[in-house]
Amino acid sequence: MGSIRTWSLAIAAGLLVAVVTHQRSTAFADSLQGSSSPSAPLRLASTASPAAAPAAPEVTGLPDFSGLVERNGPSVVNISVIEKPQQASVMQWSGNDPLSQFFRQFQMPQQQMPPERAIGSGFIISSNGYILTNAHVVDGAAHVTVKLTDRREFQAKVIGMDKRSDVALLKIAAHGLPAVRFGDPSKIKPGQWVVAIGSPFGFDNTVTAGVISATARALPGEDNYVPFIQTDAAVNPGNSGGPLFNMQGQVIGINSQIYSRTGGFMGMSFAIPINIALNVKDQLLKFGTVRRSRIGVEVQDVNQQLAESFGLGVPHGALISGVDPKGPAKLAGLRPGDVITSVNGHPIDRSIDLPTIIAELPPGSIAHLGIWRNHRTVTIDVRTVLLHDQGAELAKNGGAHGDGGKLGIAVRELNPDEQRQLHTQGHLVIEGVSGPALTAGLQAGDVVLGVNGERVDTIQQLRRAVAKAGHSVALLIQRDNAQIYVPVDIG
């Protein structure tokens with residue numbers, strides 16, 4: 001009986017659907033006739049009207065950032081920078097002919113390019129006028145102007161900056177200012193809400209929100225001293241140096257970089273953890289510079305295959321792939337193949353954790369390293385040394401040596417196997433560039449063959465050749481399978 005009732009209901013429903021479908025089809029056909037069928041509107045009106053859609057339920061549970069912004073917005077400042085003017089190039093005349101002498105005598109004086117303006121953001125960290133921002137915002141600035149939300153403007157003094165971490169400290173002559181509160185970046189988790197406030201494209205106190213996408217993110221090309229906070233909060237040019245807030249209204253980072261193929265926001269922004277920025281601030285106030293430690297090792301991440309090869313149950317730690325032959329790690333007995341799993345009791349999960357922790361130790365202090373070696377854990381003590389902020393010394397490769405900082409390159413000598421792999425007769429490979437070398441276009445991986453027409457095979461020969469050069473040198477380098485001269489202005 002139950003089955004019959006079910007079929008009867010199904011048949012009745014089917015007939016009803018057929019009738020409604022027929023009516024709608026007829027109405028649709030009539031509607032196609034347009035003005036030629038005056039009865040069409042009547043037929044359309046006679047069709048069964050669908051039931052009114054129920055009101056959409058009210059969306060609840062999304063955060064309201066208005067209170068956070070109201071409390072902290074006045075602590076965020078706009079920074080405008082007038083950069084130092086650049087001298088325009090002028091035509092140079094050489095020779096002793098009368099025409100050359102005429103032009104040398106009556107040549108127009110050197111013209112200066114008009115100063116460029118740049119914008120950025122910052123935030124007040126103390127009521128007496130100290131402000132944090134990015135180093136790249138104020139680098140090369142002739143004048144720095146800070147504008148508050150109440151439209152007051154102040155000329156700011158750059159107390160100091162640290163390019164490795166991209167943090168700068170400013171000071172304005174003001175008191176009673178609203179300062180931010182600080183949070184703990186070690187407690188943040190992916191998926192948590194964050195708020196960015198800054199001046200993208202010069203629009204003061206613009207608020208954007210998103211979530212934490214990742215923590216302790218290492219970026220390509222960096223010196224790996226900053227484990228960036230990755231978010232999807234919209235950050236654009238002008239946001240640099242602005243604060244990143246957690247939901248408690250505490251600053252957990254400084255917005256610093258974006259990943260973009262267009263120059264604008266593409267869903268990935270990166271912030272410097274505030275604890276690192278505050279450490280830099282303290283050192284700038286105390287020493288006028290930032291002092292970091294190094295132990296002289298080159299490290300890489302441990303993947304699953306490497307973990308199995310070294311007998312690690314789970315991939316973790318920093319695998320030593322190179323040791324500075326004159327560095328403290330070598331003296332302490334560290335060697336390639338060792339996996340550093342902890343420093344002073346702090347676990348090392350990824351390779352980026354190691355330089356971050358080591359750099360924050362005072363130079364000359366003892367670092368107690370937990371080492372995985374030969375399928376067991378041993379402890380080795382290493383005394384840290386000062387990391388010199390020069391192109392001549394790279395923390396990521398303690399075996400690299402420099403030329404005294406004039407060129408801004410770090411080089412090391414190639415062994416015969418490496419020479420065969422690179423198909424070169426040269427003996428020196430560039431491992432890092434900065435300053436004049438970076439401006440000239442030199443790259444890591446270039447092989448140095450000669451200086452000013454003189455062949456160089458050792459680091460000592462390179463140093464001597466650079467020392468006796470004038471204001472510029474011509475480096476003969478091999479890049480891929482080509483040899484080219486690269487002029488470098490060393491002042």
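Scanning both residues, M161 and A168, for their nearest heavy atoms gives CB-CB, 3.9 Å. Closest non-hydrogen pair, R373 versus G333, comes out as NH2-O, 3.1 Å. Here the closest heavy-atom approach between residue G249 and residue N72 is recorded as O-OD1, 3.4 Å.
R164 has no carboxylate O lying under 4.0 Å from a charged side-chain N of D162, or vice versa, which leaves the two without a salt bridge. Residues E360 and R291 are not paired through a salt bridge, judged by the lack of any N-O separation under 4.0 Å between the basic side chain and the carboxylate.
A 6.0 Å sphere centred on CD of E70 holds no more than 12 heavy atoms belonging to other residues, nucleotides or ligands. More than 12 heavy-atom neighbours from other residues, nucleotides or ligands sit within 6.0 angstrom of CD on Q248. K330 NZ: 12 or fewer foreign heavy atoms inside a 6.0 Å radius.
With D232 contributing its side chain and V211 its backbone, the two residues share a donor-acceptor pair below 3.5 Å. Looking only at distances, a side-chain donor or acceptor of T133 sits under 3.5 Å from a matching main-chain atom of S121. With hydrogens and angles disregarded, a donor-acceptor distance shorter than 3.5 Å links the side chain of S293 to the backbone of L361. The backbone N or O of P200 sits nowhere less than 3.5 Å from a side-chain atom of N236 that would complete a donor-acceptor pair. Although no hydrogens or angles enter the test, the distance criterion places a donor-acceptor pair under 3.5 Å between the side chain of N205 and the main chain of G73.
L244 is not listed as a side-chain neighbour of I254, based on a closest heavy-atom distance of 4.5 Å or more. Taking 4.5 Å as the limit, every side-chain heavy atom of I172 sits out of range of all side-chain heavy atoms of Q155.
Of the candidates D353, V339, T356, D353 is the only one forming a side chain to side chain contact (heavy atoms under 4.5 Å, CB included) with I348.
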